[in-house]
Amino acid sequence: MKYLEFGKENKELMVLLHGGGTSYLGVLPAARKIAKHYHVVLLAYDGFNPSEPETEFKSLSYEAHCLEDYIIENYDGKVDILYGLSYGCRTLMQILEDNRLKITTTIADGMSLKDYPDIKNDVLKEIYLFFFTGIFFVIMGRAGKLRKRFLAKITGRSYEEADRILYTSASWNSWKNQDRCLIGKKTDYSVFRNTDMHIWYGIKGTVDKKLSSGLKELEQKGYPFSYKIFEDMGHGGLIAENTDRFIEEVQAAHHSH
């Protein structure tokens with residue numbers, strides 16, 4: 001995997017975790033703009049990195065642990081702002097479990113609040129992956145013009161953005177490994193106590209409307225977090241299509257701490 005760094009002259013460190021089925025190229029223009037204000041580290045996942053097409057995504061915990069070690073080795077385990085988008089929120093939650101790290105502000109954008117099923121049997125796991133992962137692999141992993149238009153509609157994004165951010169060269173194994181490692185994994189929301197936690201949703205499309213449906217239930221369980229709904233934004237649209245506003249929202253969340 002690779003770590004792309006920008007704005008090293010800035011004091012505060014922001015780590016960016018992009019979504020599944022995309023590459024770092026989808027966040028790259030935003031990262032360069034954000035670097036006017038923050039020292040940015042952008043993670044390029046194995047298997048979804050056009051700069052390393054020979055790599056394969058192993059597991060979420062592997063990607064997270066490598067990043068954790070990188071932060072400890074290079075930045076004494078301190079992160080001012082940790083931002084995850086979509087599947088990147090899964091990585092984000094894994095990182096928050098590492099007590100070696102000190103993360104001041106965390107932002108989970110388009111976070112799924114639903115766990116994967118707990119399947120013990122290996123054969124049944126493969127059947128689940130064939131159908132569940134297979135749907136996303138066909139729609140996103142091998143997307144043509146019609147499928148990109150469909151994705152743009154349900155995510156509340158433009159076709160141009162869908163075309164730009166999707167990564168269609170990842171292997172079937174990389175796609176399966178993204179999901180296999182989450183089967184039976186129960187999300188530990190107690191890690192919210194390790195940071196100042198913010199959850200964002202852009203509900204212009206249907207995707208984040210569904211993803212955010214469990215917010216009230218999560219809130220009732222007493223976990224410490226705040227949330228914000230952007231009705232005029234799509235899934236991930238804030239960082240990609242409205243970067244100036246993204247920076248303003250990040251600064252507001254960070255300064256509130």
Side-chain angles (χ1 to χ4, degrees), residues 1-5 13-31 34 38 40-50 57-68 70-71 79-98 101 103 105-116 136 140-141 151 155 157 161-162 164-167 170 174-175 177-179 181-182 185 187-189 191-192 195 197-202 207-208 211-212 225 227-228 230 233-241 243 246 249-250 253:
M1 68 190 66
K2 287 185 179 293
Y3 307 95
L4 292 87
E5 301 204 33
L13 176 66
M14 180 188 294
V15 176
L16 300 178
L17 308 169
H18 68 78
T22 66
S23 78
Y24 73 88
L25 295 177
V27 185
L28 186 58
I34 296 166
Y38 297 99
V40 176
V41 171
L42 172 59
L43 173 63
Y45 295 104
D46 288 331
F48 293 87
N49 182 358
F57 190 94
K58 297 178 181 179
S59 71
L60 181 146
S61 60
Y62 175 79
E63 301 289 321
H65 288 158
C66 288
L67 177 58
E68 291 157 15
Y70 182 84
I71 293 170
V79 177
D80 295 287
I81 302 165
L82 176 63
Y83 171 85
L85 171 59
S86 196
Y87 188 89
C89 296
R90 304 276 189 182
T91 315
L92 174 153
M93 292 296 286
Q94 181 79 42
I95 291 170
L96 289 178
E97 293 182 10
D98 192 335
L101 304 182
I103 300 170
T105 302
T106 300
I107 301 170
D109 191 353
M111 177 180 179
S112 174
L113 301 178
K114 185 177 181 180
D115 289 333
Y116 282 53
F136 291 96
M140 295 177 64
L151 287 166
T155 58
R157 304 285 293 276
E161 277 296 293
R164 184 178 69 83
I165 68 176
L166 286 173
Y167 183 63
S174 286
W175 274 88
N177 290 343
Q178 277 190 128
D179 291 330
C181 61
L182 290 170
K185 180 175 175 60
T187 303
D188 180 11
Y189 293 104
V191 298
F192 285 2
T195 185
M197 188 73 195
H198 300 259
I199 303 178
W200 292 353
Y201 293 102
V207 170
D208 275 23
L211 291 176
S212 61
F225 72 96
Y227 68 88
K228 196 162 187 178
F230 301 90
M233 299 290 168
H235 183 68
L238 192 62
I239 186 172
E241 296 173 272
T243 309
F246 170 83
E249 294 289 348
V250 166

Any sub-3.5 Å donor-acceptor pair from T195's side-chain atoms to F192's backbone N or O? no
If you apply the rule side-chain contact (heavy atoms from CB on, under 4.5 Å), what do you find for I81 with V15, and how did you get there? CA-CA 6 Å; I81 302 165; V15 176; over 6 Å; no
Is there side-chain contact between E161 and T155, with heavy atoms separated by less than 4.5 Å? no
Can you tell if the side chain of H235 reaches within under 4.5 Å of the side chain of L211, non-hydrogen atoms only? yes
Going by salt bridge (Lys or Arg N to Asp or Glu O under 4.0 Å), name the residues that satisfy it together with R90, two or more places apart in sequence or in a different chain. none
Should I34 and L16 count as side-chain neighbours, where that means a heavy-atom distance under 4.5 Å? yes
What distance do I95 atom CD1 and I103 atom CD1 have between them, rounded to the nearest 0.5 Å? 6.5 Å
Residues E63 and K58 bridged, charged N to O under 4.0 Å: no
Before we go on, tell me: are the rings of F230 and W200 under 6.0 Å apart, centre to centre? yes
Measure across R164 and A240 and return the closest heavy-atom pair with its distance rounded to 0.1 Å. NH2-CB, 4.1 Å
Taking the side chain as everything from C-beta on, heavy atoms only, tell me whether Q178 gets closer than 4.5 Å to Y87. yes
Does S23 use its side chain to pair, donor to acceptor, with the backbone of L25 at less than 3.5 Å? yes
Reference residue Y3; test ring-ring contact (aromatic ring centres under 6.0 Å, His included); the match among Y45, Y24, Y70: Y70
Treating T243 as the side-chain partner and F246 as the backbone partner, does any N or O pair qualify as donor plus acceptor under 3.5 Å? no
Separation between SG (C89) and CD1 (I107), nearest 0.5 Å, reads 10.5 Å
How long is the gap from CG on L96 to CG on L82, to the nearest 0.5 Å? 6.0 Å
Carefully, step by step, assess H18 and T22 under the rule side chain to side chain donor-acceptor pair (under 3.5 Å). CA-CA 7 Å; H18 68 78; T22 66; 3.3 Å; yes
Which atom pair, heavy atoms only, marks the closest approach of D109 to Y83? OD2-OH, 2.7 Å
Tell me, do L4 and V41 make a side-chain contact under 4.5 Å, heavy atoms counted? no
Nearest 0.5 Å, what's the CD-CD1 distance between E249 and I239? 12.5 Å
Kindly compute the distance separating CD (E241) from CZ (R157), expressed to the nearest 0.5 Å. 4.5 Å
Contact summary for A108 and M197, nearest pair of heavy atoms: CB-CE, 3.7 Å
Shortest non-hydrogen contact from W175 to A170? NE1-CB, 3.7 Å
Side-chain donor or acceptor of S212 paired with backbone N/O of D208 under 3.5 Å: yes
Among all residues two or more places apart in sequence or in another chain, which pass the salt bridge (Lys or Arg N to Asp or Glu O under 4.0 Å) test with D98? R100
Could you tell me if the side chain of M93 sits less than 4.5 Å from the side chain of D188, heavy atoms only? no
Could I get the full list of ring pair (Phe, Tyr, Trp, His ring centres under 6.0 Å) partners for F136, not counting sequence neighbours? F132
Yes or no on side-chain contact (heavy atoms from CB on, under 4.5 Å) for N49 and K2, after CA distance, side-chain angles and deciding distance? CA-CA 8 Å; N49 182 358; K2 287 185 179 293; 3.8 Å; yes
Is it the case that the side chain of S86 and the backbone of G19 share a donor-acceptor pair, with hydrogens and angles ignored and the cut-off at 3.5 Å? no
If you round to the nearest 0.5 Å, how far is CG of L43 from SG of C66? 9.0 Å
Just by distance, do the side chain of Y201 and the backbone of M111 share a donor-acceptor pair under 3.5 Å? yes
So, do F225 and T106 sit near enough that their side-chain heavy atoms are less than 4.5 Å apart? no
Main-chain N/O of M14 paired with D80 side-chain donor or acceptor, under 3.5 Å: no
Backbone of S59 reached by a side-chain donor or acceptor of N177 within 3.5 Å: no
Is any side-chain heavy atom of L13 less than 4.5 Å from a side-chain heavy atom of Y38? no
